[in-house]
Each structure stands twice: as structure tokens, then as C-alpha cells.
Amino acid sequence: MKILGIDPGTLTTGFGIVDYTDNKLTCISSGAINTNPKDDISCKLKTIYDNILSQIKIHNPDEFAIETAFYSKNVQSTLKIGYARGVALLAASHSDLPVSEFSPREVKSAVVGNGNASKEQIRYMVSSLLNKSFDNSKLDETDALAIAICHAFRKNSIAPTSKSSWKDFIKNNPDRIVG
């Protein structure tokens with residue numbers, strides 16, 4: 001199953017495509033869609049939409065995962081993230097992809113085991129899980145990969161649920177532990 005994960009933003013939208021087959025995660029592609037800060041919002045949104053649609057056409061993912069909107073102290077920032085989410089969801093809809101949404105806390109819990117994890121902790125765990133270095137990548141890129149990984153974990157129940165614990169997961173999946 002190929003999953004496209006999106007970390008929406010109007011200046012930078014992260015994307016990451018992972019394949020999850022036979023309990024193995026593989027990074028297919030990832031990157032950041034950067035918009036011109038001088039462009040008006042409609043140009044930025046078109047850039048995001050076109051680039052996401054391009055990734056969908058190139059990689060043909062089976063599923064689409066995106067981070068849910070969160071409330072920020074800055075209402076304008078929250079609205080702009082909502083715009084980016086909207087065009088990303090539209091690209092998924094136009095491509096007939098099933099969509100799943102995950103809160104930032106849910107993504108952090110699934111990938112790091114801590115709902116309050118930092119972006120750097122997410123980058124570290126994404127690198128470990130995918131066995132690939134992302135040291136020179138934007139945090140938006142590794143966040144998008146984390147969203148795709150969270151979806152794989154939730155979809156396939158390989159990560160702990162509210163009825164289990166990380167201790168149970170480690171016991172039942174010793175091959176998934178990164179040294």
C-alpha cells in the first residue's frame with residue numbers, strides 16, 4: 001500500500017510517500033513544495049495543488065493522509081493552513097484517493113510514542129523507521145512522512161492502540177525495534 005502524507009502550509013507544504021508492504025516501510029519519495037512568499041494566496045494555493053496532483057500522477061498512491069487543522073494563537077496562520085489543507089484535499093478528491101486525517105498529537109504518538117514530541121524527534125524516528133537520513137531535509141518533509149507512517153500504523157494496527165502499550169508492541173514486534 002502506497003500512502004501519500006501531507007503536512008500543509010502556505011509557504012511550505014511537506015509531502016512524503018511511503019510504501020507499507022509485509023510489515024516493511026519504504027520511502028518512495030518526499031520533499032517540500034515551496035511557494036513564493038511574494039505571491040498572493042491564490043498563486044500559492046495553485047502551486048500547492050498542482051504539485052500535489054503531480055506527485056499523485058507520478059507515484060499513484062493508494063491512500064492519502066493529512067494532518068488535521070489545529071488552532072493557533074494567530075488566527076491568520078490557522079486560516080492559511082486551512083487553505084493549504086483545502087487544496088490538498090481537493091487534489092486527493094480529484095484523484096479519487098481515500099483520505100484519512102490525523103491530529104499532530106496522534107502522529108507524534110504513533111511515530112515517536114510521545115504526543116508532545118519535537119519536530120527533531122519526529123525527524124529522528126522517521127529516519128530510523130525508514131532507514132534513511134533526512135538530516136538535510138526540511139522538517140515539513142519529515143512531518144509529512146510521519147503522517148504517512150502514522151496512517152500505515154493505524155490502518156494496519158501495527159502500532160499501539162489505546163488498549164495496548166508500547167511495551168506490548170515491543171514484545172510483539174522485536175524486529176521493528178531500531179537500535
Side-chain angles (χ1 to χ4, degrees), residues 1-9 11-34 48 51-52 54-56 58-70 81 84-85 88 92 97-179:
M1 166 179 48
K2 277 196 261 182
I3 305 158
L4 170 58
I6 297 291
D7 180 36
L11 291 177
T12 304
T13 291
F15 69 89
I17 302 167
V18 299
D19 181 64
Y20 180 71
T21 305
D22 298 327
N23 283 340
K24 186 172 190 283
L25 285 166
T26 307
C27 180
I28 303 298
S29 180
S30 62
I33 301 164
N34 297 303
I48 295 164
N51 278 270
I52 292 174
S54 175
Q55 290 300 316
I56 291 170
I58 292 167
H59 299 289
N60 196 27
D62 302 300
E63 311 236 347
F64 183 93
I66 190 166
E67 194 169 69
T68 59
F70 62 93
I81 290 170
R85 277 179 36 81
L97 288 175
V99 173
S100 295
E101 300 180 68
F102 301 97
S103 71
R105 183 176 293 275
E106 187 174 6
V107 172
K108 292 172 183 180
S109 290
V111 175
V112 180
N114 174 358
N116 294 317
S118 69
K119 288 185 174 283
E120 291 76 18
Q121 288 173 305
I122 292 169
R123 174 186 278 167
Y124 175 81
M125 283 306 296
V126 165
S127 293
S128 296
L129 290 166
L130 296 175
N131 198 26
K132 181 177 177 180
S133 174
F134 292 97
D135 290 342
N136 296 320
S137 302
K138 289 190 172 190
L139 293 171
D140 305 277
E141 179 179 347
T142 50
D143 283 356
L145 285 164
I147 293 162
I149 292 167
C150 174
H151 180 67
F153 285 179
R154 294 297 185 241
K155 181 92 175 176
N156 294 289
S157 302
I158 63 173
T161 64
S162 59
K163 295 181 181 175
S164 67
S165 68
W166 279 103
K167 190 175 186 177
D168 294 333
F169 175 76
I170 291 168
K171 180 180 166 194
N172 295 330
N173 299 279
D175 59 312
R176 304 233 6 118
I177 307 308
V178 179

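Everything numeric in this text was worked out from a predicted model, so none of it was measured.
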So, for [X] and [Y], which heavy atoms are closest and what is the spacing to 0.1 Å?
{"X": "N114", "Y": "N116", "value": "OD1-N, 2.8 Å"}
{"X": "F15", "Y": "I33", "value": "CD2-CG1, 3.9 Å"}
{"X": "P61", "Y": "L97", "value": "O-CD2, 3.0 Å"}

Worksheet item: Can you list the residues that meet the side-chain hydrogen bond (donor to acceptor under 3.5 Å, both in side chains) rule with D19, with sequence neighbours excluded?
Response: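 So D19 forms a side-chain hydrogen bond (donor to acceptor under 3.5 Å, both in side chains) with T21.
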Discussion item. Test your reading of the model: is there a side-chain donor-acceptor pair from D22 to the backbone of K24, 3.5 Å cut-off?
Written reply: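 Not at all, since once roles are kept as given, no pair shorter than 3.5 Å links the two residues.
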Discussion item. Quick test of your reading: applying salt bridge (Lys or Arg N to Asp or Glu O under 4.0 Å), list the pairs with at least one residue in residues 131-148, sequence neighbours left out, ordered by first then second residue.
Written reply: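 Pairs touching residues 131-148 that pass the test: K119-D143.
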Worksheet item: Taking only residues at least two apart or on different chains, which pairs with a member in residues 101-111 satisfy salt bridge (Lys or Arg N to Asp or Glu O under 4.0 Å)?
Response: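 Passing the test, one end in residues 101-111: R85-E101, E106-R154.
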Worksheet item: Which is it for H151 and F102 under the side chain to side chain contact (heavy atoms under 4.5 Å, CB included) test, yes or no, and what are the steps along the way?
Response: CA-CA 8 Å; H151 180 67; F102 301 97; 3.4 Å; yes
Practice prompt. Mind checking the CD1-SG spacing from I3 to C150? Nearest 0.5 Å is all I need.
Written response: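 So the gap between those two atoms works out to 9.5 Å.
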Worksheet item: Taking only residues two or more places apart in sequence, or in another chain, which ones meet F134 in a ring pair (Phe, Tyr, Trp, His ring centres under 6.0 Å)?
Response: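 Ring pair (Phe, Tyr, Trp, His ring centres under 6.0 Å) check on F134 returns nothing, list empty.
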For [X], check side chain to side chain contact (heavy atoms under 4.5 Å, CB included) against everything at least two apart and list the hits.
{"X": "D62", "value": "M1, K2"}
{"X": "A144", "value": "D7"}
{"X": "A88", "value": "I6, I52, F64, I66"}

Discussion item. Just to verify, which of V18, I149, L145 counts as forming a side-chain contact (heavy atoms from CB on, under 4.5 Å) with L129?
Written reply: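 Of V18, I149, L145, side-chain contact (heavy atoms from CB on, under 4.5 Å) with L129 is met by I149 alone.
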